[in-house]
Protein chains: 2
Amino acid sequence: MTIDVGAHLKAVRTMYGLSQRELAKRAGVTNGTISLIEQNRVSPSVSSLKKVLDGVPMSLAEFFTLDLQVNPQVFFSRDDLADIGDREVSLRLVAAQRPNRAMTIMHERYRPKADTGADMLSHKGEEGGIVVAGRVELTVGAQNRVLGPGDAYYFTSAVPHRFRNFGDESCEIISACTPPTF
Amino acid sequence: MTIDVGAHLKAVRTMYGLSQRELAKRAGVTNGTISLIEQNRVSPSVSSLKKVLDGVPMSLAEFFTLDLQVNPQVFFSRDDLADIGDREVSLRLVAAQRPNRAMTIMHERYRPKADTGADMLSHKGEEGGIVVAGRVELTVGAQNRVLGPGDAYYFTSAVPHRFRNFGDESCEIISACTPPTF
DNA sequence: GGGAGGTGTTTAGGATAATCGACACTCCCG
DNA sequence: CGGGAGTGTCGATTATCCTAAACACCTCCC
């Protein structure tokens with residue numbers, strides 16, 4: 001959970017092929033500051049860290065979201081996707097086992113009569129998707145609509161939401177959410 | 001671009017229904033600190049901001065990624081998706097006009113012979129997707145594979161990558177990337 | 001009126017971070 | 001064997017942040 005600011009900064013800097021002095025010059029700070037931060041001998045203030053990142057340039061959000069590990073698995077056969085759903089709703093995850101993902105991509109299938117429930121889901125982050133086949137009724141806060149193939153949605157997950165398939169045909173959606181909730 | 005740390009913190013705190021003193025107690029800092037930060041009279045050090053957020057709890061990445069505005073549009077008809085592609089590659093974006101999105105969700109279509117080019121793309125973030133129809137050859141770094149319907153991929157965008165459709169049929173992919181590059 | 005208990009704000013002083021300038025090291029070249 | 005130009009690291013001073021304790025304000029209740 002605890003983030004290694006120094007290692008992150010060093011990784012970012014070297015990724016850009018910059019020396020401490022070069023980055024310091026661009027950022028308008030001294031090379032000593034960069035050195036101390038990278039060694040975790042100090043914890044920079046947000047404003048000074050922002051100044052440093054402006055020299056790259058990179059936003060604070062990008063900096064803290066950055067994943068330093070490399071995981072080799074890139075391709076996933078349809079049978080490799082991790083299925084974590086139940087009978088009514090099937091959720092098949094891409095790269096489920098990858099640690100520290102920035103987001104989750106899923107292939108969802110709602111069978112006829114499937115319903116995520118009346119006590120509506122809400123969690124942090126944002127999510128969106130595109131309907132591939134079938135129809136689904138989506139309720140987000142006070143808004144409500146039936147989506148068909150090619151239609152899409154996007155909302156902040158903090159708003160309560162509900163998926164219902166009241167048709168006779170299964171509904172398929174490809175969706176993504178960030179940060180990962182699965 | 002510049003982030004209002006004070007307003008962010010205040011929004012987060014009130015979202016959780018906490019007073020400055022309550023949050024301070026949970027976080028192990030003083031209420032004065034919270035007050036000064038919220039007024040932007042000081043720029044907290046990363047370590048103290050982390051301590052404060054631990055009291056919520058919320059990660060630094062979530063904090064800086066947090067979108068304070070609310071955008072009402074949730075649903076998008078297939079014709080509402082913004083098409084930014086060319087003749088060979090069509091990219092249709094969900095919620096393209098939404099400011100400060102955490103990610104981009106796209107419906108991509110590669111026509112026969114489409115190729116994103118030999119000078120391979122690379123940018124920050126992570127991306128992944130699932131093939132809906134057709135076949136596509138994906139190269140990521142030194143790895144290479146042909147993906148068909150239901151197959152998926154996920155990788156760090158910093159690694160150079162390339163999409164090629166050398167078949168006779170159009171290939172459709174639904175993908176997501178974060179942070180948004182479109 | 002006068003507490004008690006809650007809110008956010010302010011101030012003085014000690015703790016922490018940023019700067020400046022030196023230091024030690026490596027590599028390359030005359 | 002020296003420069004010279006690059007690297008990252010390290011003290012001593014200056015600037016900034018964090019804490020503790022007051023302050024001012026509000027609402028409720030006796």
Side-chain angles (χ1 to χ4, degrees), chain A residues 1-66 68-70 158, chain B residues 1-66 68-70 158:
Chain A
M1 193 62 246
T2 185
I3 182 175
D4 185 342
V5 174
H8 260 232
L9 179 58
K10 184 164 191 168
V12 168
R13 177 174 63 79
T14 54
M15 207 175 294
Y16 279 85
L18 299 173
S19 69
Q20 291 184 345
R21 281 182 167 78
E22 259 181 293
L23 176 55
K25 200 171 105 189
R26 296 194 190 190
V29 301
T30 61
N31 60 315
T33 303
I34 310 274
S35 176
L36 294 173
I37 293 173
E38 289 189 358
Q39 297 171 83
N40 285 320
R41 305 246 315 248
V42 299
S43 176
S45 72
V46 170
S47 59
S48 60
L49 180 58
K50 177 173 185 345
K51 266 170 71 177
V52 171
L53 293 177
D54 282 345
V56 175
M58 171 179 282
S59 73
L60 288 162
E62 285 173 301
F63 181 78
F64 286 106
T65 309
L66 191 76
L68 290 183
Q69 9 236 19
V70 286
Chain B
M1 194 64 249
T2 185
I3 181 175
D4 185 342
V5 174
H8 260 233
L9 179 57
K10 185 163 189 168
V12 168
R13 178 174 62 81
T14 54
M15 207 176 293
Y16 279 85
L18 298 174
S19 69
Q20 290 184 346
R21 281 180 165 81
E22 263 181 291
L23 176 55
K25 202 171 106 190
R26 294 194 191 192
V29 301
T30 60
N31 60 312
T33 302
I34 309 275
S35 176
L36 294 173
I37 294 173
E38 290 189 356
Q39 297 170 84
N40 286 320
R41 304 244 316 247
V42 300
S43 176
S45 71
V46 170
S47 59
S48 62
L49 180 59
K50 177 174 185 341
K51 267 169 70 178
V52 171
L53 293 177
D54 281 346
V56 174
M58 171 179 281
S59 74
L60 288 162
E62 287 174 301
F63 181 79
F64 285 106
T65 309
L66 191 75
L68 289 182
Q69 11 235 18
V70 286

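Values below: all heavy atoms of this structure, side chains included; hydrogens, waters and symmetry mates excluded. Values in this document were obtained by computation on a predicted structure and should not be read as measured data. Throughout, protein chains are lettered first and strands after them, A, B, ... in sequence-line order, and every chain is numbered starting at 1.
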Could a donor-acceptor pair under 3.5 angstrom be found where the side chain of R21(A) meets the base of dG8(D)? yes
Can you tell me how far [atom2] of [N] sits from [atom1] of [X], to the nearest Å?
| X | N | atom1 | atom2 | result |
| --- | --- | --- | --- | --- |
| K25(A) | dA5(D) | NZ | P | 14 Å |
| I37(B) | dT19(D) | CD1 | C1' | 12 Å |
| I34(B) | dA20(D) | CD1 | C1' | 15 Å |
| N40(B) | dT16(D) | CG | P | 16 Å |
| Q39(A) | dG8(D) | CD | P | 11 Å |
| Q20(A) | dT7(D) | CD | P | 9 Å |

Could you measure the distance from the [atom1] atom of [X] to the [atom2] atom of [Y]? Nearest 0.5 Å is fine.
| X | Y | atom1 | atom2 | answer |
| --- | --- | --- | --- | --- |
| M58(B) | R13(B) | CE | CZ | 13.5 Å |
| S59(B) | D54(B) | OG | CG | 9.5 Å |
| L60(B) | L53(B) | CG | CG | 5.5 Å |
| Q20(A) | T33(A) | CD | OG1 | 10.0 Å |
| L23(B) | K25(B) | CG | NZ | 12.0 Å |

For [X] and [Y], work out which heavy atoms get closest and say how close.
| X | Y | value |
| --- | --- | --- |
| A27(B) | V52(B) | CB-CA, 3.5 Å |
| I34(A) | A24(A) | CG1-CB, 4.0 Å |
| S43(B) | S47(A) | OG-N, 2.6 Å |

How far does the helix from dG1(C)-dC30(D) to dG30(C)-dC1(D) bend, going by the axes of its first and last five pairs, to the nearest 10°? 0°
So which one's nearest nucleotide on DNA chain C is more toward 5', N31(A) or L36(B)? L36(B)
So, is [X] near the phosphate of [N], with a side-chain N or O under 4.0 Å from OP1 or OP2?
| X | N | value |
| --- | --- | --- |
| T30(B) | dA20(D) | no |
| S19(A) | dT7(D) | yes |
| S45(B) | dC17(D) | no |
| R41(B) | dC17(D) | no |

On DNA chain C, reading 5' to 3', which nucleotide is the first and which the last to sit with an atom under 4.0 Å from a heavy atom of chain A, could you check? dA17(C) to dA22(C)
Aromatic ring pairing F63(A)/H8(A), orientation class (parallel under 30°, perpendicular over 60°, tilted between): perpendicular
